[in-house]
Visitor: 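Shown below is the structure under consideration.
Naming: A, B, ... by sequence-line order, numbering from 1 per chain.
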There are 2 protein chains.
Amino acid sequence: MDGCGHDHAQMGMKPAAVRAALDAAEAACGLDGERMTAPRRRVLELLLAAGEPVKAYDLIAAYGRDGEAAKPPTVYRALEFLERRGLAHRIASLSAYVACSHDRAEHAAAFLICDCCGATAEVPAGAGAQLAGSAGDLGFVIQRATVEAHGLCARCRPDA
Amino acid sequence: MDGCGHDHAQMGMKPAAVRAALDAAEAACGLDGERMTAPRRRVLELLLAAGEPVKAYDLIAAYGRDGEAAKPPTVYRALEFLERRGLAHRIASLSAYVACSHDRAEHAAAFLICDCCGATAEVPAGAGAQLAGSAGDLGFVIQRATVEAHGLCARCRPDA
DNA sequence: GGTCGTGATGTTATCTCATAACACTCCCTC
DNA sequence: GAGGGAGTGTTATGAGATAACATCACGACC
Ligand SMILES: [Zn+2]
Ligand SMILES: [Zn+2]
Ligand SMILES: [Zn+2]
Ligand SMILES: [Zn+2]
């Protein structure tokens, strides 16, 4: 993530795209009788603008547009909601959070995480598939899976 | 893990088996010029005896045979060593640690974690074979993967 | 046997991550 | 215009992990 001798491009959405995504998310919530309130919208906005995993306390610090930080529960509650709605995901191996990049499809996500530049790709992993075999043999019923592959993205690969 | 209406069997190794496993690990370390020192051995002993994921601070509390706790760095350094040697694994989705149950084979492990009784099975996941496809398309090189499936084990399944 | 460098440990302090608890407000419904 | 449920603000604290530095054990080398 540093000291790797090359520069890392930015990744986040442009403001117009962020607004569009926020409005779409808000509309989708409305249909389900859920409320996209101000803190939820703000946290999602920060995640979308970042375009890569963000630590909870970085969200807390960036929350106020005037540079004022939020209180931790404000952000953690928003994250809980966003995760429940499938609008954001927690990356357990990083203790960080990222906006969902699926366009509202089936939600068994896996992540490719570049340890050099921090970029992540959310791939539609039926990656439970590999596990399903072992799980079935043991009589284990999978309910959700954390699948996070670390490595180097195409731009950070030494060879290229 | 509680309030589920049924009892959960114990899982850990018996003391004799623990000692055997410790001695084997110590011998293997010796061959590689690494030292299985007292704190490392003690932490591995606790993990083996538990037979399921253990929180770091539970290890810290249980460290002293006289009931005295260890200092956090003592245990965290031992865990780092054990993980490096493949003798233990961190379960990111639980922030917990578990002794390896492979018999010294290839090490791309995946875990099936019962959310009811806490039991885990370490299965020889082919390093996210499912992911390899997506990763290759993107030019992504996977170096290590966190694969943790949560659900219900055979004994905790409601139907059975 | 002495000394030197490396790796491991002991110890203190601190940092990061996350949640409990409770009062209050908003919004919808009846 | 009450009542109830979801959401928020706020304070405080719990849980997970590491930085920094002094000291100690061990093997290599002379
Ligand atoms: Zn997603
Ligand atoms: Zn990269
Ligand atoms: Zn293993
Ligand atoms: Zn179970």
Visitor: Nearest whole Å is fine: how far is C:dT16 P from A:Asp58 CG?
Guide: 10 Å

Visitor: Rounded to the nearest Å, what distance is computed from the CG atom of residue B:Asp32 to the C1' atom of nucleotide C:dG7?
Guide: 16 Å

Visitor: Hey, do the aromatic rings of B:Tyr97 and B:His89 have their centres closer than 6.0 Å?
Guide: no

Visitor: What's the closest nucleotide to the side chain of A:Pro72 if the choices are C:dT19, D:dT11, D:dA17?
Guide: C:dT19

Visitor: Go through C:dT9, C:dT11, D:dG9 for me and flag the one nearest to the B:Arg40 side chain.
Guide: C:dT9

Visitor: Do the side-chain N or O atoms of A:Arg77 get closer than 4.0 angstrom to the phosphate oxygens (OP1, OP2) of D:dT8?
Guide: no

Visitor: Any ion pair linking A:Asp115 and B:Arg144 (charged N to carboxylate O, less than 4.0 Å)?
Guide: yes

Visitor: Report the distance from atom OH of B:Tyr57 to atom C1' of C:dC17, rounded to the nearest whole Å.
Guide: 12 Å

Visitor: What is the distance from CZ of A:Phe81 to C1' of D:dT8, rounded to the nearest Å?
Guide: 14 Å

Visitor: By nearest nucleotide on DNA chain D, pick out whichever of A:Arg84 and A:Pro73 is the more 5' one.
Guide: A:Arg84

Visitor: Would you call A:Glu26 and A:Arg35 a salt bridge, taking side-chain N to carboxylate O under 4.0 Å as the test?
Guide: no

Visitor: What is the separation between atom NZ on A:Lys71 and atom P on D:dT10, rounded to the nearest whole Å?
Guide: 4 Å

Visitor: OP1 or OP2 of D:dG16 versus the side-chain N and O atoms of A:Ser95: is any pair under 4.0 Å?
Guide: no

Visitor: Can you see if the side chain of B:Tyr76 gets near the phosphate of C:dA8 - specifically, an N or O under 4.0 Å from OP1 or OP2?
Guide: no

Visitor: Could you walk me through whether B:Glu80 and B:Arg77 pass the salt bridge (charged side-chain N to carboxylate O under 4.0 Å, His left out) test, one step at a time?
Guide: CA-CA 5 Å; B:Glu80 182 188 24; B:Arg77 288 197 279 232; over 6 Å; no

Visitor: From CD of A:Glu80 over to C1' of C:dA18, roughly how many Å is that when rounded to an integer?
Guide: 11 Å

Visitor: Starting at atom CD of A:Glu26, determine the distance to atom P of D:dG7, rounded to an integer number of angstrom.
Guide: 14 Å

Visitor: Checking contacts here: which listed nucleotide (D:dT8, C:dA8, D:dA19) is nearest the side-chain heavy atoms of B:Glu34?
Guide: C:dA8

Visitor: Measuring to OP1 and OP2 of C:dA18, would you say a side-chain N or O of A:Arg90 lies under 4.0 angstrom away?
Guide: yes

Visitor: Using atom CD1 of B:Ile60 as one end and atom C1' of D:dT18 as the other, report the distance to the nearest whole Å.
Guide: 11 Å

Visitor: Starting the side chain at C-beta, find the nucleotide from D:dT18, D:dG16, D:dG7 nearest to B:Lys55.
Guide: D:dG16

Visitor: Taking the basic N atoms (NZ, or NE/NH1/NH2) and the acidic carboxylate oxygens, is any pair closer than 4.0 Å for A:Glu83 and A:Arg90?
Guide: no

Visitor: Can you tell me if the side-chain N/O atoms of A:Thr37 get under 4.0 Å from OP1 or OP2 in D:dG7?
Guide: no

